[in-house]
Enquirer: 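Got a structure for you, questions after.
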Number of protein chains: 2
Amino acid sequence: MQTLDHMQEKAVAASEFMKCFASPHRLMILCHLAQGEKNVSELIELTGIPQTSMSQHLSKLKNEGLVDFERDHRLLIYSISNPDVLKIMDAIYDIYCKEFIDDPDKK
Amino acid sequence: MQTLDHMQEKAVAASEFMKCFASPHRLMILCHLAQGEKNVSELIELTGIPQTSMSQHLSKLKNEGLVDFERDHRLLIYSISNPDVLKIMDAIYDIYCKEFIDDPDKK
DNA sequence: TTTTAATATAATATATTTATAATATCATAA
DNA sequence: TTATGATATTATAAATATATTATATTAAAA
């Protein structure tokens with residue numbers, strides 16, 4: 001099985017990538033960024049995550065290459081920089097938000 | 001954003017699910033099971049993961065509802081019991097094994 | 001040029017995960 | 001029945017991740 005040999009080589013990298021989605025806080029950050037770029041203060045308000053914790057999560061996501069930011073005066077505007085993130089998010093939405101997606105009228 | 005409210009409710013469950021893919025060992029176990037059911041000894045031989053560690057990873061995957069097993073005499077045969085696992089695995093293959101999938105002749 | 005808003009970094013405590021070692025269970029073969 | 005193979009469970013140690021507290025940086029406003 002060559003695909004499996006291939007995965008064996010990539011298993012550490014792939015699992016590091018998956019770890020970025022394996023925290024409720026980071027998952028919510030990525031959900032919000034999937035809707036469009038946001039500055040840090042906006043992300044804090046949207047999620048309720050404390051500033052220091054937010055900064056550390058964003059730092060990890062940046063180091064792992066999932067997000068990037070640009071400065072706008074005093075604001076740092078974060079956005080998803082890796083389209084692979086959306087592939088995983090799509091699968092997660094499909095699994096966890098399907099009822100809603102299938103039936104938009106449902107409250 | 002109702003989808004986001006929805007995700008907020010599911011964020012803990014979704015991240016618990018994602019944690020199952022966030023370890024190189026579990027990722028390889030799931031890769032092998034994605035190819036078809038395997039007993040524990042086969043999984044140990046295929047992956048090189050020590051018996052105790054294998055048993056614990058399988059236990060976690062079972063508890064989280066990703067896999068199940070049936071007994072065949074002395075063997076426990078594990079298989080993927082949740083189709084959502086394949087949705088995530090497909091995305092991971094797409095991200096990390098695409099070169100191979102796109103060009104099967106490549107060594 | 002001092003203050004303030006926005007954000008990051010560092011240090012640390014706490015919790016969680018993972019691996020390892022030892023032992024137990026359970027089914028079958030001898 | 002006893003021994004053996006297959007696997008699980010328990011206990012514990014080691015590593016990693018997360019949250020918290022305190023402090024630093026940086027840009028802009030006063």
Side-chain angles (χ1 to χ4, degrees), chain A residues 8 11-33 37-81 88, chain B residues 8 11-33 37-81 88:
Chain A
Q8 177 68 56
V12 171
S15 65
E16 288 303 311
F17 184 65
M18 297 309 283
K19 280 179 193 173
C20 292
F21 302 88
S23 131
H25 278 175
R26 282 195 300 272
L27 201 50
M28 288 313 297
I29 292 169
L30 290 170
C31 280
H32 284 287
L33 290 179
E37 57 182 29
K38 303 273 183 300
N39 68 54
V40 180
S41 296
E42 287 172 329
L43 287 172
I44 290 171
E45 187 176 350
L46 285 166
T47 62
I49 299 169
Q51 184 270 322
T52 303
S53 189
M54 175 62 73
S55 191
Q56 289 174 161
H57 282 303
L58 289 172
S59 172
K60 175 174 179 98
L61 294 173
K62 172 113 169 57
N63 288 334
E64 300 291 334
L66 283 74
V67 307
D68 203 352
F69 66 83
E70 49 182 28
R71 184 179 280 277
D72 176 23
H73 304 280
R74 275 199 277 206
L75 304 180
L76 297 190
I77 302 184
Y78 278 81
S79 58
I80 289 175
S81 60
I88 301 295
Chain B
Q8 176 70 56
V12 170
S15 66
E16 287 303 310
F17 184 65
M18 297 309 283
K19 280 181 192 174
C20 292
F21 302 88
S23 132
H25 279 175
R26 281 195 300 272
L27 201 49
M28 288 312 298
I29 292 168
L30 291 170
C31 280
H32 285 288
L33 291 180
E37 57 182 29
K38 304 272 183 299
N39 67 54
V40 179
S41 296
E42 287 173 329
L43 286 172
I44 289 170
E45 187 177 350
L46 286 166
T47 62
I49 299 169
Q51 184 270 320
T52 304
S53 189
M54 175 62 74
S55 192
Q56 289 175 161
H57 283 303
L58 288 172
S59 172
K60 178 178 177 96
L61 293 173
K62 172 111 168 56
N63 287 334
E64 299 291 334
L66 283 74
V67 306
D68 204 351
F69 66 83
E70 50 183 27
R71 184 179 281 277
D72 176 24
H73 304 281
R74 272 200 280 210
L75 305 179
L76 296 192
I77 303 185
Y78 277 82
S79 58
I80 289 175
S81 60
I88 300 294

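Per chain, numbering begins at 1; letters A, B, ... match sequence-line order. Remember, it's a predicted structure, so these values are computed and weren't measured experimentally. Only this structure's heavy atoms are used, side chains among them; waters, hydrogens and symmetry mates stay out.
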Enquirer: It should be established whether Tyr78(B) places a side-chain nitrogen or oxygen under 4.0 Å from OP1 or OP2 of nucleotide dA8(D).
Expert: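 Answer is yes, contact under 4.0 Å.
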Enquirer: dT7(C) C1' sits how many Å from Gln56(A) CD, rounded?
Expert: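 Distance, rounded to whole Å: 12 Å.
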Enquirer: May I have the distance from Ile77(B) (atom CD1) to dG5(D) (atom P), rounded to whole angstrom?
Expert: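 Nearest whole value for this atom pair: 20 Å.
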Enquirer: Over how many whole Å does the gap from Ile29(B) atom CD1 to dA19(C) atom C1' extend?
Expert: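 Ile29(B) atom CD1 is separated from dA19(C) atom C1' by 13 Å.
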Enquirer: Between dA8(D) atom P and Ile44(B) atom CD1, what is the distance in whole Å?
Expert: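 It is 8 Å, rounded to the nearest whole Å.
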Enquirer: How long is the line joining NE2 of His57(B) and P of dT18(C), in whole Å?
Expert: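 Distance, rounded to whole Å: 6 Å.
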Enquirer: Atom CD of Glu45(A) and atom P of dT7(C): how far apart are they, to the nearest Å?
Expert: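 After rounding, the gap between these two atoms is 12 Å.
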Enquirer: Would a 4.5 Å heavy-atom cut-off, applied to side chains only, mark Met28(B) and Leu46(B) as touching?
Expert: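 No, their side chains stay 4.5 Å or more apart.
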Enquirer: Nearest whole angstrom, please: distance from the C1' of dA8(C) to the NZ of Lys62(A).
Expert: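 To the nearest whole Å, that distance equals 13 Å.
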Enquirer: Could you tell me how far apart Arg26(A) (CZ) and dT16(D) (P) are, to the nearest whole angstrom?
Expert: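 These atoms are roughly 15 Å apart.
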Enquirer: For a quick check, tell me whether the side chain of Gln51(A) and the base of dA8(C) share a donor-acceptor pair closer than 3.5 Å.
Expert: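 A donor-acceptor contact between them is present.
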Enquirer: For Watson-Crick and G-U wobble pairs within 3.5 Å on both distances, what is DNA chain D written in dot-bracket notation, | included for inter-strand pairing?
Expert: ||||||||||||||||||||||||||||||
Enquirer: Could you list the donor-acceptor pairs under 3.5 angstrom formed between side-chain atoms of residues 65-76 of chain A and any protein atom two or more places apart in sequence or on another chain?
Expert:
unit_1   : atom_1 : unit_2   : atom_2 : d
Asp68(A) : OD1    : Lys62(A) : NZ     : 3.4
Arg71(A) : NH1    : His73(A) : O      : 3.2

Enquirer: Near DNA chain C, under 4.0 Å by heavy atom, which residues of residues 63-75 of chain A?
Expert: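 Result for residues 63-75 of chain A: Arg74(A), Leu75(A), sorted by number.
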Enquirer: If the cut-off is 4.0 Å, is His25(B) near the phosphate of dA19(C), judged by side-chain N/O to OP1 or OP2?
Expert: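 Looking at the OP1 and OP2 atoms of dA19(C), one of them is under 4.0 Å from a side-chain N or O of His25(B).
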